[in-house]
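In listed order, ligands and their atoms are each counted from 1.
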Amino acid sequence: MRDVIGVILNAKHLTALTGAGVSAESGIPTFRGKDGLWNKYKPEELATPQAFARNPELVWKWYAWRMDIVFNAKPNPAHYGFAELERLRILKCIITQNVDDLHERAGSKNVLHLHGSLRKIVCTKCDYSEYAEKPPKIPPLPKCPKCNSLLRPGVVWFGEMLPQDVLSKAIDEMYKSDVVIVAGTSAVVQPAASLPLIVKRNGGVIIEINPSETALSYIADYRIEKPAGVAMKEIVGEIKRALSLETP
Ligand code: BJW
Ligand code: ZN
């Protein structure tokens with residue numbers, strides 16, 4: 001841990017790539033693994049544009065259920081730890097695959113959502129979008145107030161392009177980064193999983209926080225095999241101690 005603190009304190013541009021594991025301690029289910037959503041539900045029946053076209057009611061009901069969990073969840077020490085690192089001007093940006101808003105609710109300002117947000121509901125035909133305060137009640141299927149077409153969750157499904165502006169900002173951040181913390185992701189979903197490779201290829205450092213091995217573990221320079229909440233609490237505590245020792 002002492003080496004990791006040194007790397008973080010000496011980083012010129014530190015970023016983080018986060019995944020579902022970071023919100024697990026808030027009670028939000030992850031996708032893969034024993035208790036993961038994809039263990040109980042089939043992604044091809046719920047998280048593809050084809051599934052939505054086939055059965056929008058089933059897909060909407062599933063998303064309304066997940067919105068309910070996420071909107072009632074609270075940030076955990078991992079979210080607060082990342083927010084504190086940004087407040088201390090150490091962390092420059094969070095690139096998240098998560099569709100919850102727990103990083104923002106913990107106080108993080110510079111957050112890029114690669115896979116969209118459950119807070120966003122968008123029209124399938126026009127440019128209409130709205131902020132979801134609460135999950136829609138299904139049925140009826142939600143319709144666009146502008147053009148009466150079907151509304152859909154503002155998330156990125158398998159086979160869909162990621163929002164180009166967000167992805168290109170994330171790639172820019174990776175090119176600027178000399179250190180990236182990769183936390184709570186199995187690193188199997190592309191193109192998100194390949195982003196830390198940019199840092200590595202440019203001679204940078206990958207710090208992985210995950211209790212289990214992942215597809216990226218083999219190139220990680222440091223692995224912290226702990227839940228993200230525990231690890232981030234320790235990291236922020238050590239960093240604050242080091243900074244207070246530095247000030248005369
Ligand atoms: C803890 C913890 C604790 C637990 N503390 N850690 C190249 C090669 C092969 C395939 C492709 C490719 N390029 C594109 C594809 C296809 C596809 C893809 O990657 N498929 C792979 C699965 C093979 N990608 C796409 O379709 C993407 N689109 C795209 O690339 O467009 C261009 C294109 C299209 C088609 C062909 C080619 C190019 C879109 C991907 C969209 C992903 N969508 C989802 C659903 C979002 C909406 C929703 O929420 O319903 O995004 S899938 C799901 O996986 C979700 C997540 O953001 C994403 C990543 O999951 P994550 O965060 O890693 O979670 P888990 O559950 O996998 O892992 C949790 C981890 O936490 C574990 O490691 C635990 O150990 C750990 N953990 N507790 C710390 N307390
Ligand atoms: Zn519309």
Please tabulate, one line per pair, the protein N or O atoms found under 3.5 Å from any N or O atom of ligand 1, giving the distance to one decimal.
residue  : atom   : partner : partner atom : Å
ligand 1 : 5 (N)  : G21     : O            : 3.4
ligand 1 : 5 (N)  : A228    : N            : 2.8
ligand 1 : 19 (O) : Q190    : N            : 2.7
ligand 1 : 24 (N) : Q190    : O            : 3.1
ligand 1 : 26 (O) : G159    : N            : 2.7
ligand 1 : 28 (N) : E160    : O            : 2.7
ligand 1 : 31 (O) : E160    : O            : 3.0
ligand 1 : 43 (N) : V156    : O            : 3.0
ligand 1 : 49 (O) : R66     : NH1          : 3.4
ligand 1 : 49 (O) : R66     : NH2          : 2.7
ligand 1 : 50 (O) : Y63     : OH           : 2.6
ligand 1 : 50 (O) : R66     : NH1          : 2.7
ligand 1 : 51 (O) : H115    : ND1          : 3.2
ligand 1 : 54 (O) : R32     : NH1          : 3.2
ligand 1 : 54 (O) : R32     : NH2          : 3.3
ligand 1 : 57 (O) : Q97     : O            : 2.9
ligand 1 : 57 (O) : H115    : ND1          : 2.8
ligand 1 : 60 (O) : R32     : NH1          : 3.1
ligand 1 : 62 (O) : A20     : N            : 2.8
ligand 1 : 63 (O) : T185    : OG1          : 2.6
ligand 1 : 63 (O) : S186    : N            : 3.0
ligand 1 : 63 (O) : S186    : OG           : 3.4
ligand 1 : 66 (O) : F31     : N            : 2.7
ligand 1 : 66 (O) : R32     : N            : 2.8
ligand 1 : 67 (O) : R32     : NH1          : 2.6
ligand 1 : 67 (O) : S186    : OG           : 2.5
ligand 1 : 68 (O) : S186    : N            : 3.3
ligand 1 : 71 (O) : G184    : O            : 3.2
ligand 1 : 73 (O) : N210    : ND2          : 2.9
ligand 1 : 75 (O) : N210    : OD1          : 2.8
ligand 1 : 80 (N) : E25     : OE2          : 2.9

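Using a 4.0 Å cut-off between charged nitrogen and carboxylate oxygen, E44 and K42 do not count as a salt-bridge pair. The residues R105 and D100 are annotated as not salt-bridged, no charged nitrogen and carboxylate oxygen being separated by less than 4.0 angstrom.
At a threshold of 4.5 Å between non-hydrogen side-chain atoms, the residues V189 and R32 count as touching.
For the Zn ion (ligand 2), the neighbouring protein N/O/S atoms at less than 2.8 Å, given as residue and atom, are C123 SG, C126 SG, C144 SG, C147 SG.
D68 and N72 share a side-chain donor-acceptor pair at under 3.5 Å. In the model, E133 has no side-chain atom that pairs as donor or acceptor with a side-chain atom of Y131 under 3.5 Å.
Between atom CD1 of residue I219 and atom NZ of residue K200 there is a gap of 6.0 Å, rounded to the nearest 0.5 Å.
Checking E104, K109, H103, E173 one by one against I94, the side chain to side chain contact (heavy atoms under 4.5 Å, CB included) holds for a single residue, H103.
Evaluation of the side chain to side chain contact (heavy atoms under 4.5 Å, CB included) rule for D178 yields A11, K12, H13 as partners, not counting sequence neighbours. The salt bridge (Lys or Arg N to Asp or Glu O under 4.0 Å) search around E57 returns K61, not counting sequence neighbours.
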